[in-house]
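Here's the structure, in structure tokens; my notes come after.
Being a predicted model, the structure only gives us computed values, none of them experimental. Labels below follow one simple rule: chain letters A, B, ... track the order of the sequence lines, proteins then strands, and each chain is numbered from 1. The figures that follow rest on heavy atoms only: side chains count, while hydrogens, waters and symmetry mates do not.
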Amino acid sequence: MNEAITLPGGVTAEPGMRIYNQKLGMWIFLASEVMFFTGLIGAYIILRFGTTAWALPGVPLEEGGTPLAINLTAFNTFMLICSSVTMVKAFAAIEHGDQKGLRRYLVATVLLGAAFVGIQVVEYIALAHEGFLPRCSEELAAVVPNCDLFGSTFYTMTGFHGTHVSIGVLCMIWVTVKAFRGKYTKENHGGVEVIGLYWHFVDLVWIMLFTIVYLI
Amino acid sequence: MMETAEKKKQPSYMLIWFVLLVLTIVEVGVAYVSSLPRNVLIVVLVGLAIWKATLVAMYYMHLKFERLRLILLATAPLPLAIILIVAILLEHAR
Amino acid sequence: MATAAAAAAPLADAHHEELSFIRKYIFSTDHKIIGIQFLFASLAFLVLGGVLAILLRWQLGFPGEELPGVGTVAPKFYNSLVTMHGTFMVFFAVMPLLVGVYANYLIPLKIGAPDMAFPRLNMLSFWMFIQSGIVMTASLFVEGGAAGSGWTAYAPLSAVPQYTGASLGQQLWILSIVLFGASSLLGSVNYITTVINMRAPGMTLFRMPLSVWALFITAIIALLAIPIIAAAVIMLFFDLTLGTTFFLPADGGQPLLWQHLFWFFGHPEVYILILPAMGIISDVIANGSRKPVFGYHSMVLAIIAIAFLGWITWGHHMFQSGMNPLLGTSFMISTMAIAVPSAIKVFNWLGTMWRGNIRFHTPMLWAIGFVSLFTVGGLSGIFMASNAVDIFIHDTYFIVAHIHYVLFGGSLMAIFAAVYFWFPKMFGRMMSETWGKIHFVLTFIFYNLTFFPMHILGMAGHMRRIYDPTQYEFLQPYQPMNRFITISAILLFVVQLPFIVNFFWSLFRGKKADINPWQDNGLEWTVPSPPPHGNFAMTPTVYRGPYEFSVPGAEADYMPQSVPPSGSQ
Amino acid sequence: MDWLPGAASSYAADLDRIFYVILAITGLIFVGVQVALVYFIIKYRGRKGRQASYVEGSTKAEVIWTVIPAVIIVGIAVASQTVWSEIKDPNHFPTDALEVNVEARQFAWAFTYPGADGELGTDDDYIRYNQMHVPVNRPVVFNLTSVDVVHSFFVPAFRIKQDAVPGMNLRAWFEATEVGEYELACAELCGVAHGLMKGKIIVLSEDEFQSWAAEQS
């Protein structure tokens with residue numbers, strides 16, 4: 001009953017969840033993140049169902065189609081999914097004490113994440129040139145139904161997701177630096193697992209956002 | 001899918017990745033080929049998205065291999081999220 | 001116990017010498033210091049909120065007349081006063097006083113942990129709170145005045161600067177709420193992790209004191225409710241600054257969306273403000289009555305039930321908002337349902353006192369005051385839960401009376417009980433009992449004189465948040481009552497002076513407190529007052545529940561949780 | 001016991017009845033709890049050499065004080081629901097009513113009456129500000145909108161309150177039962193002059209109303 005268990009991260013846990021504090025804390029934090037994105041996505045759903053017309057994919061822009069470049073974003077989605085698999089591979093590598101694998105996969109994850117943010121910035125710039133902003137240009141507002149509402153919800157949701165990815169990339173760089181200094185071992189690699197949870201969560205949110213914002 | 005579940009400790013991450021990739025392609029394809037009625041299309045696309053999200057949570061976040069308590073904790077916000085959205089949507093069903 | 005304390009003391013001293021003053025008292029990661037920091041900061045905000053209340057009460061009691069030394073209150077400033085009084089009291093006084101102070105201070109001590117799970121996040125949480133408080137206070141002084149759209153910030157009033165005249169003030173209000181939300185989130189993650197993972201051996205969930213239970217459940221509510229308000233105010237901020245149109249109906253936005261999101265957060269928030277108070281009161285009443293809490297398990301279940309029901313009742317704030325009338329029915333039923341666990345709690349407190357041997361120490365007096373006044377607030381809630389009656393009393397002084405009976409008569413009474421109860425543990429000195437009792441009696445009297453007449457105003461149809469009630473003929477006969485309330489409110493403010501003096505005097509001159517001055521059972525009373533850094537010399541083991549008072553056959557009428565069962569060593 | 005303002009609409013009495021029933025029930029519980037509290041304080045005050053009884057609880061007692069409030073609550077809810085749907089459910093609105101458009105703005109009320117043709121939205125409609133003339137004993141259904149922020153249409157004597165939300169067209173009704181002048185107030189914080197946003201409801205006899213209406217068009 002009184003046995004103390006040493007877990008990854010060098011933390012001793014008392015009878016409780018039997019996982020170390022950092023991991024439990026990250027899960028609890030992610031629960032609140034779910035509610036944050038519920039607020040944003042919920043607002044989008046309600047605003048969208050409150051109006052009749054909405055820009056649809058697969059329809060030419062002139063006939064009320066979406067101004068978004070779906071193919072580019074589909075490619076971006078693919079990159080984020082790839083970064084998730086490299087992340088989980090990095091974790092699997094250090095579980096076996098494979099330092100080289102850990103470093104290689106972490107670097108790949110950082111690069112993929114940074115590329116995702118980069119492409120999103122490119123997308124934003126292109127859209128802004130077209131006149132698609134939280135307040136659309138008059139030409140665009142004439143063809144895209146509820147353009148202002150579309151712009152408001154689009155930039156808020158994808159912007160907050162992009163911010164989450166950027167924070168993730170920064171943290172990932174920090175973890176990567178620590179990995180190159182050999183701070184993680186087969187027994188002690190809580191940092192990799194915790195950042196991984198956050199990273200996969202951000203990926204998961206994007207999977208939902210991509211469908212809701214771009215495809216529906 | 002079944003094989004990965006059996007190998008409890010080592011799910012095949014590449015296989016999951018492949019499934020996610022295929023599902024994404026299917027999604028984009030379905031969205032472009034809009035011969036389906038709008039409502040059916042929405043249900044299909046959201047269903048696919050939830051499937052993908054569940055895969056990520058289950059395998060990449062290892063939720064499938066955690067204790068029940070942690071699973072409960074992680075999914076606790078979902079009922080609240082559903083309550084919020086459904087109740088406000090009822091508002092518009094007038 | 002005594003040996004454990006003696007062993008802990010030198011160890012703690014040795015540890016302390018390494019820390020500079022700044023590391024020890026300013027940027028401390030010790031949960032006890034952080035709790036005390038929260039105490040000082042939020043008491044200051046409480047005073048500020050009180051000053052704002054006096055100013056707005058002056059205008060209501062003496063419309064247009066000059067307040068000596070201050071001047072008259074203009075309509076725009078009046079709206080800012082209404083807004084900022086609510087905001088400061090809810091976010092910067094009551095919530096941090098209950099959660100910031102007592103969750104921080106009590107959770108690790110009561111569950112036998114050396115500190116919080118994430119001490120540095122805890123420090124960050126406090127300093128973000130200070131930042132948000134500074135931003136909110138600064139917004140009182142900016143051009144255009146502070147936010148004037150009520151603490152509920154209903155859009156589109158809050159979303160378009162021209163509608164209130166406050167532009168920068170509203171933006172700072174939002175910024176401050178976002179910072180505050182981040183601070184609370186960090187705190188909640190910390191509290192939940194600590195309670196789940198860091199309980200001492202033997203401290204099973206159903207051996208936790210009700211205060212810890214209540215704070216734990218509160219942290220879960222805050223964790224899941226605050227992100228919603230964060231999302232909502234961020235959208236509001238974008239409406240104000242970036243030209244988005246979430247809440248602007250002219251461009252397709254929906255004002256009711258704001259109300260739904262706000263109250264989806266706002267109603268659980270009400271329980272954030274009252275549940276910890278209920279938990280603290282349960283501890284104090286058991287101690288004062290020298291009896292176990294009546295129906296411990298149902299008290300825990302009642303806390304959980306209230307927390308869950310709190311999520312599905314937000315619509316009762318919106319009965320008259322144009323919401324679907326059918327939705328109104330379901331919200332009435334869920335709201336009414338909350339009366340049941342609340343009733344259980346009140347009756348169980350009475351049951352705890354029944355056949356007790358009541359000691360009337362100051363904390364117990366406040367606890368009794370809590371039970372008495374919370375009953376009024378709970379019962380008046382039934383009026384507005386009834387959707388039919390709500391048609392008339394919604395947005396009247398009846399609501400104002402209700403929230404003040406719950407938040408002042410409830411939460412603040414519990415806060416005072418807690419301050420008097422744990423002061424000796426926090427600072428190692430006792431507060432004056434005599435002055436504490438004087439403070440209680442005067443507060444109790446003037447409190448009721450201030451807020452009870454508001455029920456009668458509400459029944460007369462007196463709208464809330466109006467600048468000058470004498471503008472309405474049907475309210476003119478009630479002006480003497482308004483004046484009476486204002487005078488009572490000023491006196492209520494003045495009689496807090498004994499508390500402030502007592503607090504600071506006792507801090508330096510109070511009688512030295514021993515380890516367990518109230519003869520309580522909690523683990524925090526087994527360590528020195530104040531407890532050393534790291535709390536426990538060695539991890540305590542818990543053998544019994546938290547309320548084993550007056551156990552038949554036992555020598556003393558209390559039995560700390562770490563006392564092993566007789567016969568075993 | 002006349003704490004509510006004088007009632008002057010068809011459903012005011014129903015609403016007041018529920019109010020007083022709740023007041024009676026809660027008043028009884030209030031007195032009960034306070035008396036018990038005082039009695040316990042005196043009876044069980046601490047004395048030397050006495051010991052408290054070690055009682056951990058009683059399932060029977062707890063079941064009793066769970067079930068009784070639950071039953072009371074259900075009763076109140078059922079009674080409230082009837083009145084609520086009488087006042088607010090659009091399916092229960094009276095049919096042979098005078099229809100008026102009410103538009104709220106910072107800080108005034110505008111009432112649009114159907115002209116001689118009895119229909120809104122035609123050329124002979126006329127608008128009056130801050131004064132609403134209505135006939136006695138005839139239901140008035142109004143379409144409530146707002147130009148800018150959320151306002152609330154509140155006539156204490158009629159026991160009617162309905163928010164006016166910009167972008168939404170909300171309907172409500174009342175039937176005045178006594179001739180006279182009644183105050184109309186805005187009940188939702190709506191800006192700097194919120195407290196001054198008042199109007200008058202002038203209830204006229206049917207004949208007087210007809211002649212008033214004839215003068216307007």
Which bit of [X] comes within less than 4.5 Å of chain B, counting heavy atoms only: side chain, backbone, both or neither?
{"X": "A/V85", "result": "both"}
{"X": "A/I81", "result": "both"}
{"X": "A/T77", "result": "side chain"}

[X] versus [Y]: any side-chain heavy-atom pair under 4.5 Å?
{"X": "B/E66", "Y": "A/K23", "value": "yes"}
{"X": "B/L89", "Y": "A/I45", "value": "yes"}
{"X": "A/K89", "Y": "B/M14", "value": "yes"}
{"X": "A/L204", "Y": "B/K52", "value": "no"}
{"X": "A/F78", "Y": "B/T24", "value": "no"}
{"X": "B/R67", "Y": "A/I19", "value": "no"}

Q) Looking only at heavy atoms, what is the nearest atom pair of A/A74 and B/V28, with distance? A) CB-CG2, 3.9 Å
**Q.** Nearest atoms (heavy-atom pairs only) where A/A31 meets B/P77
**A.** O-CG, 3.5 Å
Q. Could you state the interatomic distance from CG (B/L20) to OG (A/S84), rounded to the nearest 0.5 Å?
A. 8.0 Å
Q: For the pair B/H62 and A/H200, evaluate side chain to side chain contact (heavy atoms under 4.5 Å, CB included) and give the outcome as yes or no after the intermediate values.
A: CA-CA 10 Å; B/H62 305 109; A/H200 297 309; 5.9 Å; no
Q. What are the residues of residues 209-216 of chain A, in order of number, with any heavy atom under 4.5 angstrom from a heavy atom of chain B?
A. A/F210, A/T211, A/L215, A/I216
(Q) Only pairs of heavy atoms separated by less than 4.5 Å count here; which of B/L63, B/I82, B/L80 has the most with chain A? (A) B/L63
Q: Could you tell me which of B/V46, B/L70, B/T54 has the largest number of non-hydrogen atom pairs under 4.5 Å with chain A?
A: B/L70
**Q.** Among the listed options A/V205, A/D203, A/N71, the residue most often paired with chain B at heavy-atom distances under 4.5 Å
**A.** A/N71
Q: Start with the C-alpha gap between A/M87 and B/Y60, add the side-chain angles, then the distance that decides, and say whether side chain to side chain contact (heavy atoms under 4.5 Å, CB included) holds.
A: CA-CA 9 Å; A/M87 181 68 236; B/Y60 287 175; over 6 Å; no
Q: Could you walk me through whether B/I85 and A/T38 pass side chain to side chain contact (heavy atoms under 4.5 Å, CB included), step by step?
A: CA-CA 8 Å; B/I85 292 176; A/T38 298; 4.3 Å; yes
Per-residue contact mode, [X] against chain A (heavy atom under 4.5 angstrom):
{"X": "B/L84", "answer": "side chain"}
{"X": "B/A81", "answer": "both"}
{"X": "B/I50", "answer": "both"}

Q: Answer yes or no: does atom OH of A/Y105 have more than 12 heavy-atom neighbours from other residues, nucleotides or ligands under 6.0 Å?
A: no
